[in-house]
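First comes the structure, then the notes that go with it.
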Number of protein chains: 2
Amino acid sequence: MPQTKGGNTIDRKEKLKAFLKQRGFKSTRQRDIIADEFLKSGEHITAEEMYKKVSRKHRDIGFTTVYRTLKLLAKSGLATERVFADNLTRYEPLSAEDHHDHLICINCGSITEFEDLKLERLQEKIAGEFGFRIVTHKMEFYGYCNVCGERQRKK
Amino acid sequence: MPQTKGGNTIDRKEKLKAFLKQRGFKSTRQRDIIADEFLKSGEHITAEEMYKKVSRKHRDIGFTTVYRTLKLLAKSGLATERVFADNLTRYEPLSAEDHHDHLICINCGSITEFEDLKLERLQEKIAGEFGFRIVTHKMEFYGYCNVCGERQRKK
DNA sequence: AGGAAATTGAAATTCATTTTCATTTAACGT
DNA sequence: ACGTTAAATGAAAATGAATTTCAATTTCCT
């Protein structure tokens, strides 16, 4: 049973339901299915990819609904929206505590996450020097992952 | 006389001409005008903004040419293309040595540059731990600048 | 000057994202 | 359960920045 960082899928689905109820929104079959697939699958997935995945089993669920549900998950705090250099919007399951950055391979497209406390502190320090208060940040490294770097050297 | 980091405007225009010639491209009136305006003006400007600025004095220069010239400047190494959270492509004059990051105010939209050697080293170190070789990186802080932060506290 | 090749600019196209709108569905009170 | 109301759905249309097309123009080289 894969235990994700932000609590298990059931916990998270409860969180979604609570969010919906609180805002007077409705809990629907489609949202359930999409949230489920997303929470258990999903690293850095686009709306298009998510739609393909969902619509395989559920032909009646349209792209728009998938798209809107991912936005909803982001608003409810269960997902983060990210845009990397390819300019596609991707979503990934999110837990409140965890805020990581990304290593993106420009050869194979793999996305690796990392977290570094020293980095966080240094960022705060730098911002502080400018009297700047950070709300969010974006930090991505683009280059060759360990696999593609090796391969490149051999050529 | 404003002296920019990457050499003066004339130097840079020579660099552009050399680039064009080397590639068998042509030096045109439009490219001259656009490069000129861009190099002396330009922090983080969009193609649209650049077009407005240029077309005020030169009604005959079209958006497409401005757009293409900015891309050309990027390819020739005189400009960097950047996309911030608003998803607009911006261009800024670039010198080879200087690679800085950005503080972006989510209230007033101001963009401040900074450079930090410690940060660079830490980035390399982190990437190294993953066997990752950085080619480029993207690092942006979003939050409140010193002006907007103050104002917010007063409210 | 002459001719090949690149450039220009208006308009059209692309493509992800977002909105519209008629229909369906969930939630709530009776 | 039933009706009402507001939200959700999904297909299609709209949006908007980025990019491409193409005929006309300009540059570069000999």
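Below, each value reflects all heavy atoms present in this structure, side chains not excepted, and no hydrogens, waters or symmetry copies. Here the structure is a predicted model, which means the values were calculated and not measured. Here is the naming used below: chain letters follow the sequence lines, and residue numbers restart at 1 for every chain.
Remark: B:Lys71 is in phosphate contact with D:dT19, judged by side-chain N or O atoms under 4.0 Å from OP1 or OP2. Contact annotation: B:Thr64 does not reach the phosphate of C:dA11 (side-chain N/O to OP1 or OP2, under 4.0 Å). Between A:Tyr67 and C:dT17, a side-chain N or O to OP1/OP2 separation shorter than 4.0 Å is absent. Put simply, B:Thr65 has a side-chain N or O that comes within less than 4.0 Å of OP1 or OP2 on C:dG9. Taking 4.0 angstrom as the limit, A:Gln30 places none of its side-chain polar atoms (N or O) nearer than this to OP1 or OP2 of C:dT24. Contact annotation: A:Arg31 reaches the phosphate of D:dT9 (side-chain N/O to OP1 or OP2, under 4.0 Å).
Position along DNA chain D of the nearest nucleotide to A:Asp60 versus A:Gly24 favours A:Gly24 as the more 5'-ward residue.
Between A:Leu20 atom CG and D:dA6 atom P the separation is 19 Å, expressed in whole Å. Atom P of nucleotide D:dG10 and atom CD of A:Glu48 are separated by 15 Å, given to the nearest angstrom. Here C:dG9 presents its P atom at 15 Å from CZ of B:Arg59, a figure rounded to the nearest Å. B:Met50 has its CE atom 14 Å from the P atom of C:dG9, to the nearest Å. Computed from coordinates, the A:Arg29 CZ to D:dT9 P distance equals 9 Å when rounded to whole Å. If you take CD of B:Glu81 and C1' of D:dA18, they are 10 Å apart, rounded to a whole angstrom. Atoms NZ (A:Lys17) and C1' (D:dA8) sit 16 Å apart, rounded to a whole Å. When rounded to the nearest whole Å, the span between CZ of A:Arg68 and P of C:dT20 equals 11 Å.
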For side-chain contact (heavy atoms from CB on, under 4.5 Å), just list the numbers for A:Tyr144 and A:Asn107, CA-CA rounded to whole Å, side-chain angles, deciding distance to a tenth of an Å, and then say yes or no. CA-CA 6 Å; A:Tyr144 295 95; A:Asn107 188 237; 3.9 Å; yes
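With distances taken from any side-chain atom of B:Lys26 to the nucleotides D:dA8, D:dA17, D:dT27, the minimum falls on D:dT27.
Nucleic acid contact for A:Ser27: sugar-phosphate only, since backbone atoms but no base atoms lie under 4.0 Å from a heavy atom of the residue. Across all strands shown, B:Thr89 has heavy atoms under 4.0 Å from sugar-phosphate atoms exclusively, and none from any base. Among the heavy atoms of the strands lying under 4.0 Å from B:Thr28 are primed sugar atoms or P, OP1, OP2 only; no base atom is included.
A distance-only check finds no donor-acceptor pair linking the side chain of B:Arg23 to the backbone of B:Ser76 [under 3.5 Å]. B:Tyr91 places no side-chain N or O within donor-acceptor distance of the main-chain N or O of B:Leu73, the cut-off being under 3.5 Å.
Among the candidates A:Glu37, A:Lys52, A:Lys53, the single residue satisfying the side-chain contact (heavy atoms from CB on, under 4.5 Å) test with A:Ile45 is A:Lys53.
Criterion: ILVMFWY side-chain heavy atoms under 4.5 Å apart, direct or through other members. Under it, A:Leu103 and A:Phe84 are not part of a common hydrophobic cluster.
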